[in-house]
Amino acid sequence: MLKSEALNVEKVRADFPILNRKVHGKRLVYLDNAATTQKPNVVIDTLVDYYSRYNANAHRSVHTLGEEATAAFEGARKTVSRFVGASSPEELIFVKGTTDATNLVRFAWAEKNVKRGDTIVTTLMEHHSNIVPWQLVAKKKGAEVKYVGLNKDGTLKMDEFEDAIRESPALVAVTQCSNVLGTINDVARICRLAHEAGAVSLVDGAQSAPHMPVDISKLGTDFFAFSAHKMMGPTGIGALYGRKSLLEGMDPFEGGGDMIKEVHTSGATWNDLPYKFEAGTSNIAGAIGFGSAANYLSEIGMDKVRRHEVELLEYALENLSKVKGMTIYGPEDADQRGGVLSFNLSDVHPHDLATILDERGIAIRSGHHCAQPLMEWLEVPATSRASFYVYNSFDDVDSLKEGLEKANEMFGA
Ligand code: 7TS
(Lines give C-alpha, C1' and ligand atoms only; values in the text may rest on other atoms or scores of the structure.)
Protein backbone atom coordinates (compact mmCIF):
# COMPACT_ATOMS: atom_id res chain seq x y z
CA MET A 1 0.00 0.00 0.00
CA LEU A 2 1.30 3.47 -0.94
CA LYS A 3 2.04 5.80 1.95
CA SER A 4 2.12 9.59 2.05
CA GLU A 5 5.62 11.00 2.37
CA ALA A 6 4.37 14.22 3.90
CA LEU A 7 2.08 12.88 6.59
CA ASN A 8 1.21 9.94 8.78
CA VAL A 9 -2.32 9.64 7.40
CA GLU A 10 -3.34 6.78 9.71
CA LYS A 11 -2.44 8.91 12.73
CA VAL A 12 -4.41 11.87 11.35
CA ARG A 13 -7.41 9.66 10.53
CA ALA A 14 -7.58 8.48 14.15
CA ASP A 15 -8.45 12.06 15.14
CA PHE A 16 -11.65 12.08 13.06
CA PRO A 17 -14.44 9.97 14.62
CA ILE A 18 -16.72 10.26 11.58
CA LEU A 19 -14.21 8.33 9.47
CA ASN A 20 -15.12 5.19 11.45
CA ARG A 21 -18.70 5.17 10.27
CA LYS A 22 -19.99 3.01 7.48
CA VAL A 23 -22.13 4.25 4.59
CA HIS A 24 -24.29 1.57 2.95
CA GLY A 25 -22.19 -0.94 4.88
CA LYS A 26 -18.98 0.34 3.27
CA ARG A 27 -15.97 2.27 4.61
CA LEU A 28 -16.66 6.01 4.29
CA VAL A 29 -14.46 7.55 1.59
CA TYR A 30 -15.05 11.23 2.12
CA LEU A 31 -14.04 13.21 -0.96
CA ASP A 32 -16.28 16.27 -0.57
CA ASN A 33 -13.88 18.47 1.34
CA ALA A 34 -14.31 21.52 -0.88
CA ALA A 35 -17.96 21.62 0.26
CA THR A 36 -17.13 21.10 3.93
CA THR A 37 -14.52 19.21 5.93
CA GLN A 38 -14.78 16.75 8.79
CA LYS A 39 -13.96 17.76 12.36
CA PRO A 40 -11.22 16.31 14.58
CA ASN A 41 -11.95 15.29 18.17
CA VAL A 42 -10.10 18.34 19.48
CA VAL A 43 -12.54 20.71 17.74
CA ILE A 44 -15.60 18.71 18.84
CA ASP A 45 -14.24 18.60 22.42
CA THR A 46 -13.57 22.35 22.37
CA LEU A 47 -17.25 23.00 21.57
CA VAL A 48 -18.45 20.57 24.25
CA ASP A 49 -16.05 22.13 26.75
CA TYR A 50 -17.32 25.66 26.05
CA TYR A 51 -20.99 24.68 26.37
CA SER A 52 -20.47 22.44 29.38
CA ARG A 53 -17.98 24.54 31.41
CA TYR A 54 -17.96 28.24 30.58
CA ASN A 55 -20.91 29.10 28.33
CA ALA A 56 -21.55 32.85 28.72
CA ASN A 57 -21.83 35.88 26.49
CA ALA A 58 -18.56 37.58 25.47
CA HIS A 59 -17.68 41.28 26.11
CA ARG A 60 -20.61 41.79 28.44
CA SER A 61 -20.51 40.22 31.88
CA VAL A 62 -17.79 40.53 34.53
CA HIS A 63 -18.61 37.23 36.23
CA THR A 64 -16.13 34.34 35.93
CA LEU A 65 -17.90 32.56 33.09
CA GLY A 66 -18.22 35.81 31.16
CA GLU A 67 -14.52 36.55 31.59
CA GLU A 68 -13.54 33.03 30.50
CA ALA A 69 -15.79 33.14 27.42
CA THR A 70 -14.40 36.56 26.44
CA ALA A 71 -10.80 35.39 26.90
CA ALA A 72 -11.40 32.26 24.79
CA PHE A 73 -13.22 34.22 22.07
CA GLU A 74 -10.45 36.83 21.80
CA GLY A 75 -7.80 34.12 22.06
CA ALA A 76 -9.40 32.47 19.02
CA ARG A 77 -9.24 35.76 17.13
CA LYS A 78 -5.50 35.97 17.83
CA THR A 79 -4.97 32.36 16.75
CA VAL A 80 -6.92 32.73 13.50
CA SER A 81 -5.30 36.07 12.64
CA ARG A 82 -1.83 34.56 13.19
CA PHE A 83 -2.84 31.54 11.10
CA VAL A 84 -3.34 33.73 8.02
CA GLY A 85 -0.57 36.22 8.79
CA ALA A 86 -2.73 39.27 9.61
CA SER A 87 -0.62 41.98 11.22
CA SER A 88 -3.05 42.45 14.11
CA PRO A 89 -6.17 40.70 15.52
CA GLU A 90 -8.14 43.95 15.20
CA GLU A 91 -8.01 43.42 11.41
CA LEU A 92 -9.86 40.11 11.74
CA ILE A 93 -13.65 40.31 11.84
CA PHE A 94 -15.61 37.20 12.75
CA VAL A 95 -18.40 36.64 10.24
CA LYS A 96 -20.62 33.69 9.28
CA GLY A 97 -18.34 32.55 6.47
CA THR A 98 -16.85 33.55 3.14
CA THR A 99 -20.21 34.58 1.69
CA ASP A 100 -20.90 36.78 4.69
CA ALA A 101 -17.41 38.27 4.36
CA THR A 102 -17.81 39.28 0.70
CA ASN A 103 -21.21 40.74 1.53
CA LEU A 104 -19.72 42.74 4.39
CA VAL A 105 -17.30 44.28 1.87
CA ARG A 106 -20.23 44.85 -0.48
CA PHE A 107 -22.34 46.75 2.05
CA ALA A 108 -19.70 48.47 4.17
CA TRP A 109 -17.12 49.32 1.48
CA ALA A 110 -18.37 48.87 -2.10
CA GLU A 111 -21.76 50.57 -1.75
CA LYS A 112 -20.00 53.68 -0.51
CA ASN A 113 -16.92 53.65 -2.75
CA VAL A 114 -18.01 52.23 -6.11
CA LYS A 115 -19.26 55.03 -8.34
CA ARG A 116 -21.27 55.26 -11.55
CA GLY A 117 -19.13 54.18 -14.52
CA ASP A 118 -16.60 52.29 -12.34
CA THR A 119 -15.55 48.74 -13.10
CA ILE A 120 -15.21 45.79 -10.75
CA VAL A 121 -12.84 43.10 -11.99
CA THR A 122 -13.39 39.46 -11.16
CA THR A 123 -12.84 36.19 -13.08
CA LEU A 124 -14.76 33.41 -14.78
CA MET A 125 -13.63 30.89 -12.17
CA GLU A 126 -15.26 32.51 -9.14
CA HIS A 127 -17.74 31.01 -6.72
CA HIS A 128 -21.10 32.84 -6.83
CA SER A 129 -20.27 34.49 -3.51
CA ASN A 130 -17.50 36.40 -5.28
CA ILE A 131 -19.72 37.36 -8.23
CA VAL A 132 -23.29 38.06 -7.12
CA PRO A 133 -22.43 40.70 -4.47
CA TRP A 134 -20.52 42.65 -7.16
CA GLN A 135 -23.36 42.28 -9.67
CA LEU A 136 -25.72 43.72 -7.06
CA VAL A 137 -23.39 46.64 -6.31
CA ALA A 138 -22.88 47.30 -10.04
CA LYS A 139 -26.64 47.34 -10.64
CA LYS A 140 -27.28 49.71 -7.78
CA LYS A 141 -24.41 52.08 -8.56
CA GLY A 142 -24.36 51.97 -12.37
CA ALA A 143 -20.98 50.23 -12.47
CA GLU A 144 -19.85 47.26 -14.56
CA VAL A 145 -18.47 43.84 -13.60
CA LYS A 146 -15.68 42.61 -15.89
CA TYR A 147 -14.78 38.92 -15.98
CA VAL A 148 -11.21 37.90 -16.76
CA GLY A 149 -11.25 34.81 -18.99
CA LEU A 150 -9.33 31.56 -18.75
CA ASN A 151 -6.76 29.74 -20.83
CA LYS A 152 -7.58 26.24 -22.08
CA ASP A 153 -5.88 24.64 -19.07
CA GLY A 154 -8.01 26.64 -16.62
CA THR A 155 -5.40 29.22 -15.67
CA LEU A 156 -6.19 32.95 -15.71
CA LYS A 157 -5.56 34.97 -18.86
CA MET A 158 -3.16 37.42 -17.27
CA ASP A 159 -3.07 39.58 -20.42
CA GLU A 160 -6.85 40.08 -20.10
CA PHE A 161 -6.36 40.88 -16.45
CA GLU A 162 -3.75 43.50 -17.30
CA ASP A 163 -6.11 45.02 -19.91
CA ALA A 164 -8.93 45.18 -17.34
CA ILE A 165 -6.60 46.80 -14.81
CA ARG A 166 -5.76 49.61 -17.24
CA GLU A 167 -9.30 50.91 -16.79
CA SER A 168 -8.48 51.70 -13.12
CA PRO A 169 -11.15 49.49 -11.55
CA ALA A 170 -12.57 50.27 -8.13
CA LEU A 171 -12.25 46.68 -6.94
CA VAL A 172 -10.41 43.53 -8.00
CA ALA A 173 -11.97 40.40 -6.46
CA VAL A 174 -10.24 37.08 -7.22
CA THR A 175 -10.10 33.63 -5.70
CA GLN A 176 -6.77 32.23 -4.58
CA CYS A 177 -7.86 28.70 -5.47
CA SER A 178 -10.76 27.63 -7.69
CA ASN A 179 -13.27 25.27 -6.03
CA VAL A 180 -13.84 23.56 -9.40
CA LEU A 181 -10.62 23.64 -11.41
CA GLY A 182 -8.28 23.76 -8.44
CA THR A 183 -6.31 26.48 -10.24
CA ILE A 184 -4.08 28.42 -7.85
CA ASN A 185 -3.87 32.07 -8.86
CA ASP A 186 -0.85 34.28 -8.23
CA VAL A 187 -2.86 36.60 -6.00
CA ALA A 188 0.23 38.41 -4.70
CA ARG A 189 0.93 39.60 -8.25
CA ILE A 190 -2.75 40.31 -8.90
CA CYS A 191 -3.01 42.43 -5.74
CA ARG A 192 0.18 44.31 -6.62
CA LEU A 193 -1.13 45.14 -10.10
CA ALA A 194 -4.53 46.07 -8.64
CA HIS A 195 -2.92 48.46 -6.17
CA GLU A 196 -0.71 50.02 -8.84
CA ALA A 197 -3.93 50.73 -10.76
CA GLY A 198 -5.50 52.31 -7.67
CA ALA A 199 -7.95 49.46 -7.02
CA VAL A 200 -8.87 47.81 -3.73
CA SER A 201 -8.27 44.04 -3.71
CA LEU A 202 -10.25 41.17 -2.26
CA VAL A 203 -9.00 37.60 -2.20
CA ASP A 204 -11.41 34.71 -1.72
CA GLY A 205 -9.46 32.35 0.49
CA ALA A 206 -12.22 29.76 1.04
CA GLN A 207 -10.24 27.05 -0.77
CA SER A 208 -6.72 28.26 -0.01
CA ALA A 209 -6.56 29.01 3.73
CA PRO A 210 -7.53 25.40 4.59
CA HIS A 211 -5.06 23.77 2.21
CA MET A 212 -1.83 25.77 1.88
CA PRO A 213 0.29 28.17 3.90
CA VAL A 214 -1.27 31.64 3.61
CA ASP A 215 0.51 34.80 4.68
CA ILE A 216 -1.65 37.86 4.14
CA SER A 217 1.26 40.17 4.94
CA LYS A 218 3.03 38.75 1.86
CA LEU A 219 -0.09 38.59 -0.35
CA GLY A 220 -0.62 42.29 0.25
CA THR A 221 -4.38 42.06 -0.19
CA ASP A 222 -6.82 44.59 1.29
CA PHE A 223 -9.49 42.00 2.11
CA PHE A 224 -9.25 38.23 2.56
CA ALA A 225 -12.32 36.03 3.14
CA PHE A 226 -12.46 32.45 4.47
CA SER A 227 -14.73 29.93 6.21
CA ALA A 228 -14.00 27.78 9.29
CA HIS A 229 -16.07 24.80 8.16
CA LYS A 230 -13.78 24.21 5.19
CA MET A 231 -10.78 23.95 7.53
CA MET A 232 -12.05 21.50 10.17
CA GLY A 233 -13.90 24.17 12.18
CA PRO A 234 -17.63 24.55 12.85
CA THR A 235 -20.21 25.85 10.38
CA GLY A 236 -21.62 29.36 10.77
CA ILE A 237 -18.26 31.04 11.43
CA GLY A 238 -15.55 32.49 9.21
CA ALA A 239 -13.45 35.59 9.00
CA LEU A 240 -12.88 38.69 6.97
CA TYR A 241 -9.39 40.13 7.17
CA GLY A 242 -9.43 43.83 6.30
CA ARG A 243 -6.57 46.31 6.07
CA LYS A 244 -6.83 48.55 9.14
CA SER A 245 -6.70 51.82 7.20
CA LEU A 246 -9.64 50.70 5.04
CA LEU A 247 -11.69 49.26 7.90
CA GLU A 248 -11.27 52.49 9.85
CA GLY A 249 -12.76 54.48 6.99
CA MET A 250 -15.77 52.18 6.65
CA ASP A 251 -19.10 52.57 8.38
CA PRO A 252 -20.77 49.55 9.97
CA PHE A 253 -23.65 48.13 7.96
CA GLU A 254 -25.30 46.28 10.84
CA GLY A 255 -26.34 48.13 13.94
CA GLY A 256 -26.96 46.64 17.38
CA GLY A 257 -25.22 45.58 20.57
CA ASP A 258 -21.43 45.58 20.95
CA MET A 259 -20.70 47.56 17.76
CA ILE A 260 -21.23 50.95 19.43
CA LYS A 261 -19.20 53.13 21.74
CA GLU A 262 -22.12 55.24 22.93
CA VAL A 263 -25.76 55.50 21.98
CA HIS A 264 -27.95 58.52 22.73
CA THR A 265 -31.36 59.41 21.44
CA SER A 266 -29.55 61.85 19.16
CA GLY A 267 -27.32 59.19 17.58
CA ALA A 268 -24.47 56.74 18.16
CA THR A 269 -20.69 56.43 17.87
CA TRP A 270 -18.90 53.30 16.77
CA ASN A 271 -16.82 50.85 18.74
CA ASP A 272 -13.16 50.19 17.88
CA LEU A 273 -12.04 47.60 15.33
CA PRO A 274 -13.02 44.85 14.88
CA TYR A 275 -16.13 45.15 17.08
CA LYS A 276 -17.60 47.90 14.88
CA PHE A 277 -18.46 45.14 12.40
CA GLU A 278 -19.64 42.50 14.89
CA ALA A 279 -23.14 43.60 15.88
CA GLY A 280 -25.07 41.42 18.33
CA THR A 281 -23.97 38.29 20.16
CA SER A 282 -21.30 36.57 18.10
CA ASN A 283 -21.01 32.88 17.32
CA ILE A 284 -18.81 32.46 20.38
CA ALA A 285 -18.68 28.66 20.33
CA GLY A 286 -17.99 28.75 16.60
CA ALA A 287 -15.11 31.20 16.97
CA ILE A 288 -13.51 29.16 19.76
CA GLY A 289 -13.90 26.03 17.62
CA PHE A 290 -12.37 27.93 14.67
CA GLY A 291 -9.33 28.74 16.83
CA SER A 292 -9.03 25.11 17.83
CA ALA A 293 -9.14 24.00 14.16
CA ALA A 294 -6.45 26.55 13.23
CA ASN A 295 -4.26 25.23 16.06
CA TYR A 296 -4.80 21.64 14.93
CA LEU A 297 -3.78 22.53 11.36
CA SER A 298 -0.74 24.50 12.57
CA GLU A 299 0.37 21.51 14.61
CA ILE A 300 0.27 19.33 11.50
CA GLY A 301 1.98 22.15 9.56
CA MET A 302 0.38 23.79 6.53
CA ASP A 303 3.38 22.96 4.36
CA LYS A 304 2.77 19.28 5.11
CA VAL A 305 -0.96 19.64 4.41
CA ARG A 306 -0.11 21.10 1.02
CA ARG A 307 2.57 18.50 0.24
CA HIS A 308 0.22 15.65 1.09
CA GLU A 309 -2.49 17.04 -1.18
CA VAL A 310 -0.02 17.47 -4.05
CA GLU A 311 1.02 13.82 -3.62
CA LEU A 312 -2.63 12.70 -3.68
CA LEU A 313 -3.38 14.91 -6.67
CA GLU A 314 -0.44 13.59 -8.69
CA TYR A 315 -1.58 10.06 -7.94
CA ALA A 316 -5.21 10.85 -8.75
CA LEU A 317 -4.41 12.73 -11.96
CA GLU A 318 -2.25 9.87 -13.19
CA ASN A 319 -4.60 7.04 -12.25
CA LEU A 320 -8.03 8.53 -12.84
CA SER A 321 -7.07 9.78 -16.28
CA LYS A 322 -6.64 6.10 -17.27
CA VAL A 323 -10.35 5.40 -16.65
CA LYS A 324 -12.22 5.11 -19.92
CA GLY A 325 -14.29 8.18 -20.81
CA MET A 326 -12.70 10.52 -18.22
CA THR A 327 -12.44 14.26 -18.88
CA ILE A 328 -10.53 16.01 -16.10
CA TYR A 329 -10.70 19.81 -15.88
CA GLY A 330 -8.06 22.28 -14.75
CA PRO A 331 -4.25 22.54 -14.88
CA GLU A 332 -2.36 19.31 -15.60
CA ASP A 333 0.40 20.04 -13.13
CA ALA A 334 -0.48 19.14 -9.51
CA ASP A 335 1.86 21.91 -8.28
CA GLN A 336 -0.37 24.51 -9.92
CA ARG A 337 -3.60 23.37 -8.34
CA GLY A 338 -5.32 22.76 -5.03
CA GLY A 339 -6.67 19.37 -3.96
CA VAL A 340 -9.79 19.60 -6.09
CA LEU A 341 -10.45 17.36 -9.07
CA SER A 342 -13.49 18.01 -11.27
CA PHE A 343 -14.34 15.65 -14.06
CA ASN A 344 -16.97 14.12 -16.28
CA LEU A 345 -17.25 10.43 -17.13
CA SER A 346 -18.47 9.98 -20.72
CA ASP A 347 -22.09 11.09 -20.79
CA VAL A 348 -22.97 9.77 -17.32
CA HIS A 349 -24.81 12.55 -15.50
CA PRO A 350 -22.74 13.71 -12.48
CA HIS A 351 -25.75 13.23 -10.16
CA ASP A 352 -26.13 9.60 -11.31
CA LEU A 353 -22.44 9.06 -10.83
CA ALA A 354 -22.53 10.57 -7.31
CA THR A 355 -25.41 8.22 -6.43
CA ILE A 356 -23.57 5.16 -7.76
CA LEU A 357 -20.45 6.14 -5.80
CA ASP A 358 -22.49 6.77 -2.65
CA GLU A 359 -23.68 3.14 -2.78
CA ARG A 360 -19.98 2.27 -2.39
CA GLY A 361 -19.51 4.65 0.57
CA ILE A 362 -17.78 7.28 -1.59
CA ALA A 363 -18.88 10.90 -1.08
CA ILE A 364 -18.20 13.29 -3.96
CA ARG A 365 -20.11 16.37 -5.07
CA SER A 366 -21.91 16.74 -8.37
CA GLY A 367 -23.51 19.86 -9.83
CA HIS A 368 -22.43 23.36 -10.82
CA HIS A 369 -20.54 23.93 -7.54
CA CYS A 370 -21.97 27.49 -7.29
CA ALA A 371 -19.80 28.44 -10.28
CA GLN A 372 -22.23 28.67 -13.18
CA PRO A 373 -20.21 31.18 -15.27
CA LEU A 374 -17.39 28.61 -15.12
CA MET A 375 -19.76 25.79 -16.17
CA GLU A 376 -20.76 27.94 -19.17
CA TRP A 377 -17.11 28.39 -20.06
CA LEU A 378 -16.53 24.61 -19.72
CA GLU A 379 -19.69 24.12 -21.83
CA VAL A 380 -21.11 21.57 -19.39
CA PRO A 381 -24.17 21.87 -17.12
CA ALA A 382 -22.36 20.15 -14.26
CA THR A 383 -19.27 18.20 -13.22
CA SER A 384 -18.42 15.56 -10.65
CA ARG A 385 -15.83 16.66 -8.12
CA ALA A 386 -13.55 14.82 -5.72
CA SER A 387 -11.77 17.05 -3.23
CA PHE A 388 -9.08 15.97 -0.81
CA TYR A 389 -7.85 16.75 2.68
CA VAL A 390 -5.24 15.53 5.12
CA TYR A 391 -7.20 12.41 6.14
CA ASN A 392 -7.51 11.13 2.56
CA SER A 393 -5.22 8.30 1.53
CA PHE A 394 -4.06 6.75 -1.73
CA ASP A 395 -6.59 4.00 -0.88
CA ASP A 396 -9.37 6.58 -1.18
CA VAL A 397 -8.20 7.42 -4.70
CA ASP A 398 -8.10 3.69 -5.54
CA SER A 399 -11.68 3.29 -4.22
CA LEU A 400 -12.79 6.21 -6.38
CA LYS A 401 -11.12 4.67 -9.43
CA GLU A 402 -12.84 1.32 -8.81
CA GLY A 403 -16.16 3.13 -8.39
CA LEU A 404 -15.71 4.94 -11.69
CA GLU A 405 -14.85 1.68 -13.45
CA LYS A 406 -17.96 0.10 -11.95
CA ALA A 407 -20.05 3.01 -13.24
CA ASN A 408 -18.57 2.47 -16.69
CA GLU A 409 -19.64 -1.20 -16.50
CA MET A 410 -23.16 -0.23 -15.41
CA PHE A 411 -23.49 2.22 -18.28
CA GLY A 412 -22.06 -0.29 -20.75
CA ALA A 413 -18.98 1.78 -21.56
N1 7TS B 1 -15.59 30.79 -2.28
C2 7TS B 1 -15.17 29.59 -2.69
C3 7TS B 1 -13.95 29.49 -3.56
C4 7TS B 1 -15.85 28.45 -2.26
O5 7TS B 1 -15.42 27.25 -2.64
C6 7TS B 1 -16.99 28.58 -1.42
C7 7TS B 1 -17.81 27.40 -1.01
C8 7TS B 1 -17.36 29.86 -1.01
C9 7TS B 1 -16.64 30.94 -1.48
C10 7TS B 1 -18.50 30.11 -0.09
O11 7TS B 1 -18.21 29.65 1.19
P12 7TS B 1 -19.32 29.64 2.33
O13 7TS B 1 -18.64 29.00 3.49
O14 7TS B 1 -19.73 31.04 2.56
O15 7TS B 1 -20.46 28.81 1.79
N16 7TS B 1 -17.73 26.32 -1.87
C17 7TS B 1 -18.49 25.20 -1.88
C18 7TS B 1 -18.22 24.17 -2.76
O19 7TS B 1 -17.34 24.17 -3.59
N20 7TS B 1 -19.12 23.18 -2.54
O21 7TS B 1 -19.94 23.55 -1.57
C22 7TS B 1 -19.57 24.81 -1.14
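As the structure lists them, so they are numbered: ligands from 1, and atoms in each ligand from 1. Throughout, residue positions are numbered sequentially from 1 according to the sequence presented.
Across the listed options D204, N179, V340, D204 owns the non-hydrogen atom lying nearest to atom 2 (C) of ligand 1.
For atom 4 (C) of ligand 1, the closest non-hydrogen atom of the protein is H127 CD2, 3.5 Å. The protein heavy-atom contact nearest to atom 15 (O) of ligand 1 is T99 OG1, 3.8 Å.
Close contacts between ligand 1 and S129 involve ligand atoms 1 (N), 8 (C), 9 (C), 10 (C) [criterion: under 4.0 Å to a heavy atom].
For ligand 1, the polar-atom distance check against Q207 finds a nitrogen or oxygen pair separated by under 3.5 Å. Ligand 1 has an N or O atom lying under 3.5 Å from an N or O atom of R365, backbone or side chain.
Here H128 and H368 bring their ring centres to under 6.0 angstrom of each other.
Under 4.0 Å is where a charged nitrogen must lie from a carboxylate oxygen, and between R192 and E196 at least one such pair does.
The backbone and the side chain of A35 each have at least one atom closer than 4.0 Å to an atom of ligand 1 (non-hydrogen atoms only). Under 4.0 Å from ligand 1, not a single heavy atom of E126 appears.
The shell of residues lying under 4.0 angstrom from ligand 1, judged by heavy atoms, includes R385. Heavy-atom distances between K96 and ligand 1 stay at or above 4.0 Å for every pair. Not a single heavy atom of H128 sits under 4.0 Å from any atom of ligand 1.
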